[in-house]
Amino acid sequence: MTAPISELPAHPSRARSLARALGAPLVGGIMGLSIGAILVLLAGANVGEVYWAMLRGAFGGQRQITETFLKATPLLIVGLGLTVAFRARVWNIGGEGQFFMGALFGSVIALSFPNLPQPLLLMMMLMAAAIGGMLWALLAAYMKVRWNVNVIISTLMLNYIALFFVLYMARGPLQDPGGYLPESAQFVAAARMPHLFGTRIHLGVLLAFLLVPFVYVLLWSTPLGFRLRAVGSRASVARYAGINVERAILFVMGFSGALIGLAGIIEVSSLHTRLKGDISGGYGFTGILVALLGRMNPVGVAVASILFAALIIGAESMHVVSGLPDALADAIQAIIVLSVLAVDALVRRRQNR
Amino acid sequence: MTTTSPPIVQMRGIVKRFPGALANAGVDFDLLPGEIHALLGENGAGKTTLMNILYGLYMPDEGELRLYGQPVAFSSARDAIAHGLGMVHQHFMLVQTLTVSDNIILGQRSPRSPLLEDTKKVHQRLHALSERYGLAIDPAAELWKLSVGEQQRVEILKALYRGADILILDEPTAVLAPQEVDELLEILHRLTEEGKSIVFISHKLDEVLKTSDRITVLRDGKVVATVKPADVDKQMLARMMVGRDVLLTVAKGVAKPAEPRLRVIDLWANSDRNLPALRGINLEVRSGEILGIAGVAGNGQSELEEVIAGLRRETSGRVQICGQEATHSTPRQIGQMGLAHIPSDRYRMGLLPDFTVAENMFLQRIGDPPFTRRGFLNWNMIRSKAQELISAYNVRGATGDTTAGSLSGGNAQKMILARELTRNPKVLLAAQPTRGLDVSAVAYVHEQLVKQRDGGVAILLISTELDEILALSDRIAVLYEGEVVGVIDAANADINEIGLLMAGSKHMEHSEATA
Ligand SMILES: Nc1ncnc2c1ncn2[C@@H]1O[C@H](COP(=O)(O)OP(=O)(O)OP(=O)(O)O)[C@@H](O)[C@H]1O
Ligand SMILES: [Mg+2]
């Protein structure tokens, strides 16, 4: 059978949701920047200059673009992991904890086998990190399936346990024998993400962007993805249709935990090169915003992660150039998030009338 | 009514387009003060859409709306409520864990304080309203303790409390037992006597003819005619709705039952409230026969349905499908044993509203070939097969890519029917299969069920519509308080006897529904 080539993508509702996934962040972003402009004016600065500094800081040259992509990497991976969970309407707020556990598991490998050849060592680190994040997330999933414990609460609590456990490990069993700070020894060169194309772009960045089509295909082109989305759409109907809802919850939590764990070790091995307490910078939480702003569509999530990274990087350079406080950049970020969500809600209301 | 008082609602040339559907194509509609105005039409004719426009939920693309002669444009339902409109939707909008009065003041602005209403005053007002219109609702009752009929009256009370003079009821009788229907119609007359005006959507021609002052028939988004009940009869109304003659009864030959396919043995199960809802049910359905379960709603029908489908755990007893033990099986395993299931609750079980019609068509089979090949969904196949079913079962207003939630109620049911019947079932569990369907769709579904029966399928029909049970069943089992209180051969069924059994005032000695 020869399939006719249609102009439409195989599944138009996906195309529609894609357009929305891209459209809302753009329109909302512009709106947010306009409102932010008022704040800049109130702060007594020149709007054009400030935004120009931000834009240049984020995209002004190869070095800036590289920085933005490096920043986007953990956000993207976490956002993708959460997307899968959120699609099944499992509210994993435990990204932060899974990030730490991934970093911990991966670091243990990095510190224990410094003499392995690099490809093998990296592979083992990534695997261990995925397992660490997965186990941490599965703990919450198991409590949900077994005792119906609210996932939001359990994952949130597990965040604190993970953070303090990593702190303990970094100042106890894993502490650098030759140092005084609460941090592990530095990873050997073989345990760091190799750089690509002679830039600071590393293997982890590539991996993150390869995950975009992977998650997309998983959600929309496999029966498994269909089942997960069905559970998210209405669990009672999914059950009627013979879908094992409990198994779906376990899967999405394990999957999102694994991805987020990967983000943890990638960040540690590329940037910090040692395990310590301040490796995250809130990626587990910012990732929630990235997933929601990207409308839980992998392509949208990629756009949102770059947007977010650009804001963070751009804000730093705005701070340097104009001397405006960091807090202003944070405020502008928050305004943009709210505008995008508002525009999206508005668009949908329009469509339904 | 001979003196024509000016209409309080005038809708002129209303047009409403949806992507892929012209729901209203220039509708004129008048509501006179104090009348009950029935709105009739096939599934997807545009009745709900028209009323949603009147209630401010949708904006018309064209046309004019006048209230008491004044042009109005509602920007929201809140706006419409402020103008004295009230609507009871096809699906109730109530919070099960709250009391009646909390449900009613929910989302209301209180003049007294921003947060708290004076509950005592609210209770008093609700009591007074309930008395005045004979609603018999206790404002302090928790919602989940109320029957469907009572919850519906809570919706009416809510509208009245908010000062509604114009009430819209969208298929209010679809979910009611016959006796509850009579009570509701009584209440509607009470309301009009007190000066309220009512729009009443229904697919049941008998009650429309009995209750309404005028009837407007819609077809394909256009008004066919507005008539008085005295000038028409059921056959005429059906023809106006459909545009051709409709057979209102099914042609059905004699059943040729063969081997037993569904066996229910001494089945006990609890309800959601953990009270015994099934108390020792024995049933046997054979290949090539329809066993109808008659009974007033709430006597164990939904529990029986759910246990057989694997969605509820029995407390004791067994279920066998085609000789296999199905008692502790998952819905998926039960499906593989040959059971297809048309669920009574379309929105809680039957479909995913934000998924496309194509996705919904193959809900259970999407992971099997040919819909999945080498691990990947084959969207072209899914869509083209879905398109075939959409045409074969005449699901109106749908392409494979429309979301199931935007289908009209009746067309959503046709989609589910198409899905379940094409699974080539050995046993068909059909629960309220024609709820919310128009006359021709009912006839169509009945025809399909008889065809399945003649093809050797064993059908367990659970319906609270006695007419439907009588029209389709080969044998009838009457369910009362979780027990089968009688089994009757449909050939010599006596309606009075069934009525007595349903009311629980009679018990047959031999009450096993096994042949
Ligand atoms: N939100 C929506 N989006 C897209 N199409 C819609 C939407 N709502 C209704 N439609 C379409 O408009 C048409 C009229 O639907 P409507 O719900 O008004 O029918 P109805 O007369 O109430 O039918 P029923 O008796 O089955 O309830 C149908 O073809 C339906 O598919
Ligand atoms: Mg309707």
Side-chain angles (χ1 to χ4, degrees), chain A residues 1-20 86-89 213-214 216-248 251 295-297 346 348-353, chain B residues 16 18-19 52-53 56-60 75-76 306 309-311 329-336 341 343 345-360 362-368 371-372 375-384 399-406 419:
Chain A
M1 198 180 81
T2 53
I5 300 163
S6 79
E7 292 98 321
L8 288 169
H11 192 250
S13 80
R14 257 188 310 173
R16 233 180 293 137
S17 80
L18 185 66
R20 204 155 71 198
F86 291 174
R87 275 282 164 188
R89 213 166 283 206
F214 180 79
Y216 195 92
V217 168
L218 171 76
L219 282 176
W220 280 285
S221 298
T222 67
L224 177 63
F226 180 87
R227 287 184 200 116
L228 306 179
R229 290 186 295 115
V231 169
S233 170
R234 196 157 289 183
S236 57
V237 179
R239 190 165 275 131
Y240 155 88
I243 295 167
N244 187 330
V245 174
E246 284 71 31
R247 199 188 297 164
F251 175 86
R295 295 225 39 78
M296 297 184 256
N297 179 310
L346 222 74
R348 267 192 287 181
R349 243 181 91 100
R350 269 286 109 116
Q351 282 176 345
N352 290 339
R353 272 176 62 82
Chain B
K16 180 67 185 173
F18 288 113
N52 280 343
I53 290 172
L57 288 171
Y58 290 151
M59 298 253 258
S75 59
S76 67
E306 288 171 18
L311 295 165
S329 307
T330 62
R332 188 174 169 77
Q333 289 164 333
I334 288 171
Q336 282 159 351
H341 175 196
D345 191 334
R346 215 176 286 157
Y347 292 91
R348 201 167 57 80
M349 295 194 264
L351 59 84
L352 296 168
D354 53 347
F355 276 41
T356 64
V357 171
E359 288 175 307
N360 271 289
F362 307 110
L363 211 46
Q364 299 98 335
R365 295 189 288 162
I366 206 147
D368 305 332
F371 307 110
T372 292
F376 292 101
L377 295 174
N378 183 352
W379 284 114
N380 286 331
M381 179 63 79
I382 292 167
R383 293 167 83 212
S384 70
T399 68
D401 300 323
T402 30
T403 54
S406 67
R419 178 180 73 209

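Just so it is clear, the values below take in all heavy atoms, side chains as well, and ignore hydrogens, waters and symmetry mates. Letters A, B, ... mirror the listed sequences (proteins, then strands); counts begin at 1.
What you find for A/Arg87 and A/Leu219 is that their closest heavy atoms are CG-CD1, 3.9 Å.
Ranked by heavy-atom pairs shorter than 4.5 Å toward chain A, the options B/Ala309, B/Pro343, B/Pro19 are led by B/Pro343. In terms of non-hydrogen atom pairs under 4.5 Å with chain A, the most contact-rich of B/Leu351, B/Asn378, B/Thr330, B/Asp345 is B/Leu351. Each of B/Gly310, B/Pro331, B/Ala358 has some count of heavy-atom pairs under 4.5 Å with chain A, and the biggest count is that of B/Pro331. The most heavy-atom pairs under 4.5 Å with chain A, out of B/Ile334, B/Ile382, B/Thr372, B/Ile366, come from B/Ile366. Looking only at heavy-atom pairs under 4.5 Å with chain A, the residue among B/Tyr347, B/Phe376, B/Phe355 that has the most is B/Phe355. No other option in B/Gly335, B/Gly375, B/Ser384, B/Ser406 has as many heavy-atom pairs under 4.5 Å with chain A as B/Gly375.
Looking at B/Leu311, the atoms closer than 4.5 Å to chain A (heavy atoms on both sides) all sit in the side chain, from C-beta outward.
From B/Met59, atom CE reaches atom CG of B/Asn52 across 14.0 Å, with rounding to the nearest 0.5 Å. Considering CD of B/Glu359 and CG of B/Leu352, their distance stands at 8.5 Å, rounded to 0.5 Å. Expressed to the nearest 0.5 Å, how far CG of A/Asn244 lies from CZ of A/Arg227 amounts to 10.0 Å.
Qualifying salt bridge (charged side-chain N to carboxylate O under 4.0 Å, His left out) partners for B/Arg346, counting only residues two or more places apart in sequence or in other chains: none. Under the salt bridge (charged side-chain N to carboxylate O under 4.0 Å, His left out) criterion, A/Arg247 pairs with no residue at all, not counting sequence neighbours.
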